[in-house]
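In this text, all values refer to a predicted model and were calculated from it rather than measured experimentally. As the structure lists them, so they are numbered: ligands from 1, and atoms in each ligand from 1. The basis for the numbers below is simple: all heavy atoms, side chains too, and nothing from hydrogens, waters or symmetry mates.
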Amino acid sequence: MAALDGLPPLRDVIQRHGLDARKALGQNFLLDLNLTQKVARTAGSLEGVTVFEVGPGPGGLTRAILALGAKKVIAVERDSRCLPALAEIADHYPGRLEVIEGDALKTDFETLAPEGPVKIIANLPYNVGTQLLVNWILPKQWPPFWESLTLMFQKEVGERIVATEDGDHYGRLGVLCGWRTNARMAFDVPPQAFTPPPKVTSTVVHLTPNESPIPCSVTALERITHAAFGQRRKMLRQSLKPLGGEALLNNADIDPQRRAETLSVVEFVRLANCL
Ligand code: SAM
C-alpha cells in the first residue's frame, strides 16, 4: 500500500532493516497505516500534544501519530534493531520524534513529560502492558501528567479494565481503573491485522482521568483488592482475614458474607479507607 506520508511501505521497512518479529519482545506489528491512524484518532485531537509511545517497532503507529499532527512523539523502544527505521521517520519529521532506547518499565515518564498536554498511545507488548497501565494509573499525584491513554491490549485484558461488579471479568484491574479513570473499549482488532498474527483478538482501550476520584490511599486499595481477589470465590470475612476480616468489614458497613466480585468500586474504596 502506498503510504500517504511519503515514507516507504512498512513491509519494505521491515525487510530492509531485517526486523523479523521476536516473540519474547511481544512483537506483533501493525502494517496497515489506515488501521494505525484509526488507533491514533481514538486519542482525539493531537494538535499541540506531546505523545508518549511505548514500543514503536518499525514505526507504523508512530507515523500515524505524527501525520495526525502531534507536536512531538517521545517513543521508548527496547529493541535496538528498530532504531535505524525510526531514525528515518525522525528525519522525515525534523524535531518531532525523539526515540529513547530502553525498557518502558524502567522509564520515568512523568519526569520526561514536557509542559503542555501529554497523551499516551501504544500498541503495547503484551508481556508488560498491564504493569505499564497500573504504573500510569497509580501515581501518588492525581490528576496525572497525561490527558488520556489509548492502548492496545489483548481483548481479555481490555474486558478486565472496563469491568464492573458482578461481571465475569471484574477484578483488581477493574477496581483500580474504575476508581481513577473513565475507561471504554473503543474497537476490536482481529489477529490477521498483525504481522505475525497473535492467537487472540486485541482491543483498543481509551482511558481518561477521573478528575476527582474518592480520596483513598493507593497502597491501601492495592492491599485490599489483592487480598479480596486473591481468593475471589471465598467470602470476604475469610479472604480479608489478614487485614482485619469481620471487624474491618463491619467498620465499612459491608456484609462479611459477600464475595469480592459483588463489591462496587465505591465499596472497595470505603474498605481501603477503614484499613
Ligand atoms: N508499535 C508497533 C506497531 O504497532 O506495529 C510495534 C508494537 S509491538 C506489539 C510491541 C513493541 O514493543 C515492539 O517493538 C517491542 O520491541 C517493544 N517492546 C517490548 N518490550 C518493551 C519494553 N519493555 N520497553 C519498551 N519497548 C518494548
Trainee: Considering non-hydrogen atoms of the protein only, which is the closest contact for atom 1 (N) of ligand 1, and what is the distance?
Mentor: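 The protein heavy atom lying closest is Gly55 O, 2.8 Å.
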
Trainee: Within the structure provided, determine whether Phe109 and Val76 are in side-chain contact (heavy-atom separation under 4.5 Å).
Mentor: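 Side-chain contact under 4.5 Å: yes.
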
Trainee: Please write down residue, atom name and distance for the protein heavy atom closest to atom 5 (O) of ligand 1.
Mentor: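 That would be Leu30 N, 2.8 Å.
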
Trainee: Is Val73 reachable from Phe145 through a run of hydrophobic residues whose side-chain heavy atoms are each under 4.5 Å from the next?
Mentor: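 No, no single cluster joins them.
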
Trainee: Does ligand 1 have an atom under 4.0 Å from some heavy atom of Asn28?
Mentor: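 Distance cut 4.0 Å: Asn28 passes for ligand 1.
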
Trainee: In the protein, which heavy atom is nearest to atom 19 (C) of ligand 1, and how far is it?
Mentor: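 Sorting protein heavy atoms by distance from atom 19 (C) of ligand 1 puts Leu25 O, 3.1 Å first.
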
Trainee: Can you sort out which atoms of ligand 1 are near Asp103, meaning under 4.0 Å from one of its heavy atoms?
Mentor: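 Numbered from 1, ligand 1 contributes 22 (C), 23 (N), 24 (N).
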
Trainee: I'd like the name of whichever of Val76, Asn123, Leu105 reaches closest to atom 7 (C) of ligand 1 through any heavy atom.
Mentor: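 Heavy atom nearest to atom 7 (C) of ligand 1 belongs to Asn123.
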
Trainee: Is there a side-chain contact between Phe194 and Leu30 in this structure, where contact means two heavy atoms from C-beta onward sitting under 4.5 Å apart?
Mentor: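 A side-chain contact under 4.5 Å exists here.
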
Trainee: Can you confirm whether Phe52 sits close enough to Val54 that some side-chain heavy atom of one is under 4.5 Å from a side-chain heavy atom of the other?
Mentor: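 Side chain of Phe52 against side chain of Val54, heavy atoms only: no contact under 4.5 Å found.
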
Trainee: If two hydrophobic side chains count as joined below 4.5 Å and joins carry through other members, does Val99 share a cluster with Ile120?
Mentor: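 Not linked; separate clusters.
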
Trainee: Can you find a pair of side-chain heavy atoms, one from Phe153 and one from Leu133, that are under 4.5 Å apart?
Mentor: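 They are in side-chain contact.
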
Trainee: Which of the numbered atoms in ligand 1 are under 4.0 angstrom from any heavy atom belonging to Ala104?
Mentor: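 Answer, ordered by atom number: 22 (C), 23 (N), 24 (N), 25 (C).
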
Trainee: Treat each ILVMFWY residue as a node, draw an edge where side-chain heavy atoms are under 4.5 Å apart, and state whether Leu124 and Val39 are in one component.
Mentor: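 Cluster IDs for Leu124 and Val39 differ.
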
Trainee: Are the side chains of Thr36 and Leu10 in contact, using a 4.5 Å heavy-atom criterion?
Mentor: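 Result no, sub-4.5 Å side-chain heavy-atom pair not found.
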
Trainee: Backbone, side chain, both or neither: what part of Glu53 comes under 4.0 angstrom of ligand 1, heavy atoms only?
Mentor: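 Side chain only.
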
Trainee: Against heavy atoms of Asp79, which atoms of ligand 1 measure under 4.0 Å?
Mentor: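 So the atoms of ligand 1 that pass are 16 (O).
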
Trainee: Please determine whether a side-chain nitrogen of the Lys or Arg among Arg16 and Glu88 lies less than 4.0 Å from a carboxylate oxygen of the Asp or Glu.
Mentor: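 So Arg16 pairs with Glu88 through a salt bridge.
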
Trainee: Can you tell which of Cys82, Pro56, Pro198 gets a heavy atom nearest to atom 2 (C) of ligand 1?
Mentor: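 Looking at heavy atoms only, the winner is Pro56.
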
Trainee: Using a 4.0 Å cutoff against the non-hydrogen atoms of Gly57, which atoms of ligand 1 qualify?
Mentor: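 With Gly57 as reference, the close atoms of ligand 1 come out as 14 (O).
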
Trainee: Counting heavy atoms only, which of Ala75, Gly60, Gly26 comes nearest to atom 8 (S) of ligand 1?
Mentor: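 Among Ala75, Gly60, Gly26, the closest heavy atom to atom 8 (S) of ligand 1 belongs to Gly26.
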
Trainee: Please compare Arg78, Gln27, Glu77 and report which has the shortest non-hydrogen distance to atom 22 (C) of ligand 1.
Mentor: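 Heavy atom nearest to atom 22 (C) of ligand 1 belongs to Arg78.
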
Trainee: Hey, does Gly102 sit under 4.0 Å from ligand 1 if you only count heavy atoms?
Mentor: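 True for this residue.
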
Trainee: Is it true that Asp188 and Lys155 have a side-chain N and a carboxylate O under 4.0 angstrom from each other?
Mentor: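 A salt bridge links Asp188 with Lys155.
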
Trainee: Among protein heavy atoms, which lies nearest atom 18 (N) of ligand 1, and at what distance?
Mentor: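 Sorting protein heavy atoms by distance from atom 18 (N) of ligand 1 puts Pro125 CG, 3.7 Å first.
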
